[in-house]
Amino acid sequence: MAARMQQGGRPGGSRFAQFKLVLLGESAVGKVSLVLRFVKDQFDDYRESTIGAAFLTQTIALDESTTVKFEIWDTAGQERYKSLAPMYYRNANCAVVVYDITQASSLDKAKAWVKELQRQANENIIIALAGNKLDLVSADPTKRAIPAEDAAQYAREAGLLFFETSAKTADNVRELFTAIARKLPLDQAGPRSIRSAGHRPGVDLRPESSGTQGASGCNC
Amino acid sequence: MSQATRRHSLDTPPPTSNRRRRHSTSIIGSQDLPPPPPVKDTSPIQQHEFRSVRSSTNLSTYNSNNNNNSAQQPPVSSSPSITPAPATRTLPTASAPAEKPVPRDRYGFKKANQHITLSVYEAWAGSYISYVERRRAKWILLMKSYGLPTVNPERFPPKSDKVKRYVRKGIPPEWRGAAWFYFAGGPARLAQSRGAYWECVERARAGELSGVDRDDIERDLNRAFPDNVRFKPDAPGWDQREADDDGQPGETSIVRALRRVLQAFAVANPRIGYCQSLNFLAGLLLLFLDEDEEKAFIMLGIVTNEHLPGTHDRSLKNIDIGVLMSCIQESMPAVWVKIDDTQEYGSLPTVSLALTSWFMSCFVGSLPIETVLRVWDSFFYEGSKTLFRIALAIFKLAEPDIRRLSDPMEVFQVVQNAPRRLVDANALLEACFRRRNGFGHLSQETIDVRRRERARAFGAEKASRADLLGVGEESGAVVRSSSRGGGRFKRSLSRRRAKT
């Protein structure tokens, strides 16, 4: 089924894969801003607080023949919404856990999210750690509360992708999502048609949904 | 800079009497039609017209396109002391060329946003302005027939079918805040608990506010209405304070008022503390109550305790969404089929995630602002059933789109995005209250019965957890407040004392 769609829809053997991505992290670290930079290339210094969750999609071309569509769940950061979290990350293929490099406590919260994801979410979930608000530190180095090396060290130990990002200047935003896409198992990604048959967002990992080759599957 | 300093000195201290006087005197009577001569539209003074939502009579007052106002900029000293003299938003300076002013509505909100283009907005606003004028004329007659004043009214006609109908068709914008307060039962609450607000402000300042709530509030102050000029001025220098005991640098007076209201509310309501979405509720209340913090505080108590009990609690239960789902299941089975994934995922369908803000924020951010205001008119008059009826009407309007789709995520996006484009408030209200296929028949009693059922079901589901007894929540509060030494006993005591 997968092969049919890809070959039929995109001549020349191009591939199309779709993944569910969830954004987690403490309130006001810039989750919405990262997504809006990625999806709409927009930025505002102030954004309305997110209540519940927002859903967006963005498609990127990994290379000439590979297109990846992200279904992005952007979630509320406040602690009391945590009970809803399993709803967000069920069946998620990848997660971006965001912290604010100028707020020390936000990395602790990020670590807690990583732990929860590793324990509760999909076994093969790809997790990226994003230290956001790099622009603030570039403007004034004294604002940095979390040394990049500390976070990088933690990310290595926990097996995470790691980027310091700025939604404001767009630094590393595209790189972040592209790195995730490259690490995802493209050969297992099912097309939309399978999910539409009654399955939930994200990739269908059942055996029959495989069928394409992952040329750039994992080269991070 | 001297302007800023001077402004600062004009209205720095928070004493309530000053604050209130300032705002009440800034109100311009607007029963006279048509709106005040447009001289103001070319004067820099008009830039603080929207300080009071009562100060203008049409929806496009804050659509200033003047770029030649530098010559008309009055000296600071000539500004009335009741309204701080702003540095002109559009004042061109030698160093920075003037930006084109953002078109804003009469309340100071940007007309265009991610979901509504300026041309869509203007196409709707053109006829809506005259609609508002017609309704205002009818309201004036109504008020006069009850011998009530039509300038800054504080009392309104007693509830009746006629008044309910008038409210559903929209309260005149300049009376809106006062009417909300009146119809929601604010005056009686105020009489009971006068001064309680300032007591709570003091208690928050004295350390009774938990560190978590304090931090959460700080993060959300600038994230309430960044598209409203009174929360976030277009250019620095307009109504912005320097740092002092009362707040951060660069804040406007309404942001500082918002901080105090949210802090006081968290202290007075330990079951809730600070919950994201309260920033929207309190912010909009302050905007329409002329920054009368005590009234906004009382209204926030009415919304969270009377109309939406439990909705904002520290442990979210989503009772209201469950009730709404049961209503959809009954009244729109074809929609329910599309959104129901509860077989797979348990008690609530995934689409619930798009509905959280409908109840918690009472549609702020989910509907365009004028539509929100119209919903709130009815909400404060009729109670929480309005929120359910409107929610159902939104689904009804989206039903053709939803039925056409098969992909659950596309359905989710329709539910998420369709309301944001409902700029035509009348269309939504009509869909809600029309006789055939409307939702005016859904009674408060039905909703309350279902809420109790859901609460019981939730309790049974979570019986193993201490939530049911409130232990979990209270102990959560203790953990949160421990750094401040608040303590559970003290907090629950104070809650009883200061409950509004």
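Convention: sequence-line order gives letters A, B, ...; per-chain numbering from 1.
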Please examine the side chains of A:T57 and B:Q413, heavy atoms only from C-beta on, and report whether any two atoms are closer than 4.5 Å.
yes
Part of B:I272 within contact of chain A (heavy atom distance under 4.5 Å):
both
Residue part contacting chain B, namely of A:K82, when any heavy atom lies under 4.5 Å
neither
Check each atom of B:N222 against the heavy atoms of chain A and say whether the ones under 4.5 Å are side chain, backbone, both or neither.
both
Is there a side-chain contact between A:E48 and B:D227 (heavy atoms, below 4.5 Å)?
yes
Quick one: does B:P226's side chain get under 4.5 Å of A:D44's, heavy atoms only?
no
Would you say A:K115 has more than 12 foreign heavy atoms packed within less than 6.0 Å of its NZ?
no
With chain A, which of B:V364, B:L316, B:N318 has the greatest number of heavy-atom pairs at distances under 4.5 Å?
B:L316
Is B:Y274 close to chain A through its backbone or its side chain, or both, or neither, when contacts mean heavy atoms under 4.5 Å?
both
Please classify the contact of B:S277 with chain A as side chain, backbone, both or neither, using a heavy-atom distance under 4.5 Å.
both
Looking only at heavy atoms, what is the nearest atom pair of B:H312 and A:R80, with distance?
O-NH1, 2.7 Å
Checking heavy atoms, do the side chain of B:D215, its backbone, both or neither come under 4.5 Å from chain A?
neither
Gap between atom CZ of B:R219 and atom CD of A:Q103 - 0.5 Å precision
6.5 Å
If you count heavy-atom pairs under 4.5 Å between each of A:G52, A:S27, A:A53 and chain B, which one has the most?
A:S27
Step-by-step side-chain contact (heavy atoms from CB on, under 4.5 Å) determination, B:M360 to A:Y81
CA-CA 12 Å; B:M360 293 186 82; A:Y81 291 93; 3.5 Å; yes
Side-chain heavy-atom pair B:V212, A:E79 within 4.5 angstrom cut-off
no
Least distance between heavy atoms, A:G77 atom then B:Q276 atom
N-OE1, 4.1 Å
Are B:T350 and A:W73 close enough that some pair of their side-chain heavy atoms sits under 4.5 Å apart?
yes
Check: B:R223 side chain, A:T50 main-chain N or O, donor-acceptor pair, under 3.5 Å:
no
Is B:S366 in contact with chain A via its backbone, its side chain, both, or neither, using a 4.5 Å heavy-atom distance?
neither
From CG (A:L56) to CG (B:N417), nearest 0.5 Å:
8.0 Å
pair B:L348-A:M87: side-chain heavy atoms closer than 4.5 Å
yes
